[in-house]
Enquirer: 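My questions will all concern the structure given below.
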Amino acid sequence: YTMRSTALIGLTALALLVAVTAKPNWRVKNGAEVNKEDLPYVVGLHSGSTLCTGTIIGDNLVLTAAHCMCGPSKMTHVYPALTTFTKGIYPTDQWAIGSYVMEGNAKAECEAGQKPMGGHDMALVKIAKAKFDFGPKVAQTTLSPKEGHNEPATIAGYGQDENYESGTLLKGSINFIGSCHVLTTHQSRAICYDITKNWQVTRPGDSGGPALDSSNRLMGVNSGSINVSTSTGVLLHQHGVMASVKANMDFIKNAKTMLA
């Protein structure tokens with residue numbers, strides 16, 4: 001899911017004005033194909049025209065990015081792990097989305113015609129069916145208690161290829177950093193990794209995908225990526241941005257109650 005926004009922030013330590021641009025997501029570049037039954041809780045979400053990724057965290061619940069559920073192209077169906085998406089061809093193995101709850105700030109942005117991004121970019125989706133068809137290829141994971149700062153993680157997603165014609169599940173390894181430059185009042189709920197160190201880059205379709213800790217517990221939800229550069233165009237940072245699960249735990253609990 002492509003997002004663009006541009007703004008300016010000041011770096012106090014350097015007394016330098018820098019431009020922050022939210023770039024289109026890129027696929028989990030340099031990632032590895034997911035082996036059968038490796039990540040049975042990572043699912044694809046599709047609207048018929050756009051693609052996102054999510055993570056099963058309950059009998060009929062999927063955690064994804066709020067911007068995946070925003071606007072006329074919001075997701076309508078959930079597909080199991082290892083589904084391969086081809087443009088115009090949709091798998092028959094699917095579950096219709098029944099209802100969803102967006103984090104409050106993200107909902108307000110969406111209703112104002114903006115695409116949510118950053119630490120509040122999170123939505124809980126409930127499928128219409130009472131329960132997923134759990135088995136070797138479909139499972140749920142738990143939520144990580146880890147902060148997500150200075151932690152290694154696995155990311156995964158259904159990023160489309162360069163022709164925007166297909167999406168297959170890929171995974172990669174990243175290391176979260178201690179802080180990130182996110183232009184949002186909810187920066188404290190964002191966790192980031194340095195793309196230039198890992199070169200595990202995300203692409204349209206990876207939005208909403210998970211960052212998993214060493215025990216495969218959900219630690220973050222993929223929101224997008226940002227470039228931080230000087231006013232003269234010198235690149236300072238390139239960060240992948242995730243909404244922290246631990247920092248959004250109250251929202252997740254309340255959303256579960258609302259969807260019960």
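Numbers for residues simply follow the sequence, beginning at 1. Remember, it's a predicted structure, so these values are computed and weren't measured experimentally.
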Enquirer: Nearest heavy-atom pair of Gly157 and Thr53: which atoms, and what distance?
Expert: CA-OG1, 3.5 Å
Enquirer: Could you walk me through whether Lys146 and Ser215 pass the side-chain contact (heavy atoms from CB on, under 4.5 Å) test, one step at a time?
Expert: CA-CA 11 Å; Lys146 295 186 177 182; Ser215 300; over 6 Å; no
Enquirer: Which is it for Met242 and Ile155 under the side-chain contact (heavy atoms from CB on, under 4.5 Å) test, yes or no, and what are the steps along the way?
Expert: CA-CA 10 Å; Met242 299 248 176; Ile155 57 174; 3.5 Å; yes
Enquirer: A side-chain contact here means heavy atoms from C-beta on lying under 4.5 Å apart; do Glu109 and Asp121 qualify?
Expert: no
Enquirer: Checking Gln94 against His46 for the side chain to side chain donor-acceptor pair (under 3.5 Å) test, could you report, in this order, the C-alpha distance in whole Å, the side-chain angles of both residues, the deciding distance, and whether it holds?
Expert: CA-CA 10 Å; Gln94 59 182 271; His46 211 290; over 6 Å; no
Enquirer: Kindly indicate whether the side chain of Ile97, heavy atoms from C-beta on, has any atom under 4.5 Å from the side chain of Val62.
Expert: no
Enquirer: Quick check: closest heavy atoms across Ser99 and Leu259, and the distance to 0.1 Å?
Expert: OG-CD2, 3.4 Å
Enquirer: Could you walk me through whether Asp133 and Trp95 pass side chain to side chain donor-acceptor pair (under 3.5 Å), step by step?
Expert: CA-CA 9 Å; Asp133 305 311; Trp95 301 276; 3.0 Å; yes
Enquirer: Would you say that Pro116 contacts His67 through its side chain, given a criterion of any heavy-atom pair below 4.5 Å between the two side chains?
Expert: yes
Enquirer: Do you know the tightest heavy-atom contact between Ala243 and Gly119?
Expert: CB-O, 3.6 Å
Enquirer: So which heavy atom on His239 is nearest to which on Cys192, and how close?
Expert: CB-CB, 4.2 Å
Enquirer: With a 4.5 Å cut-off on side-chain heavy atoms, are Leu61 and Lys126 touching?
Expert: yes
Enquirer: May I ask you to test the Phe134-Asp59 pair for a side-chain heavy-atom distance under 4.5 Å?
Expert: yes
Enquirer: Is a side-chain donor or acceptor of Lys171 paired with a backbone partner of Ala156 at a separation under 3.5 angstrom?
Expert: no
Enquirer: Keeping the roles fixed (side chain from Asn222, backbone from Pro210), state whether a donor-acceptor pair exists under 3.5 Å.
Expert: no
Enquirer: To check you understand the geometry: which heavy-atom pair defines the closest contact between Gly118 and Ala190, and what is its length?
Expert: C-CB, 4.4 Å
Enquirer: Can you tell me how far CE of Met122 sits from SG of Cys68, rounded to the nearest 0.5 angstrom?
Expert: 12.0 Å
Enquirer: With rounding to the nearest 0.5 angstrom, report the OH to CG distance, Tyr100 to Leu124.
Expert: 12.5 Å
Enquirer: Can you tell me how far CG of Asp194 sits from CZ of Phe176, rounded to the nearest 0.5 angstrom?
Expert: 12.5 Å
Enquirer: Could you go through Met75 and Thr64, starting from their C-alpha distance and side-chain angles, then the distance that decides it, and tell me whether this counts as side-chain contact (heavy atoms from CB on, under 4.5 Å)?
Expert: CA-CA 10 Å; Met75 304 299 111; Thr64 189; over 6 Å; no
Enquirer: What heavy-atom pair brings Ser207 and Ser223 nearest, and what distance separates the two atoms?
Expert: OG-O, 4.3 Å
Enquirer: Between atom CG of Asn248 and atom CZ of Arg189, what is the distance when rounded to the nearest 0.5 Å?
Expert: 5.0 Å
Enquirer: Could you tell me the separation between the CE atom of Met219 and the NE2 atom of His149, rounded to the nearest 0.5 Å?
Expert: 10.5 Å
Enquirer: Between the side chain of Thr50 and the main-chain N/O of Ser73, is any donor-acceptor distance below 3.5 Å?
Expert: yes
Enquirer: Out of Ile56, Leu212, Ile252, which one pairs with Leu218 under the side chain to side chain contact (heavy atoms under 4.5 Å, CB included) rule?
Expert: Leu212
Enquirer: To the closest 0.5 Å, what do you measure between CE (Met249) and OG (Ser244)?
Expert: 8.0 Å
Enquirer: Apply side-chain contact (heavy atoms from CB on, under 4.5 Å) to Arg217 and Val245, showing your working.
Expert: CA-CA 10 Å; Arg217 297 171 298 185; Val245 165; over 6 Å; no
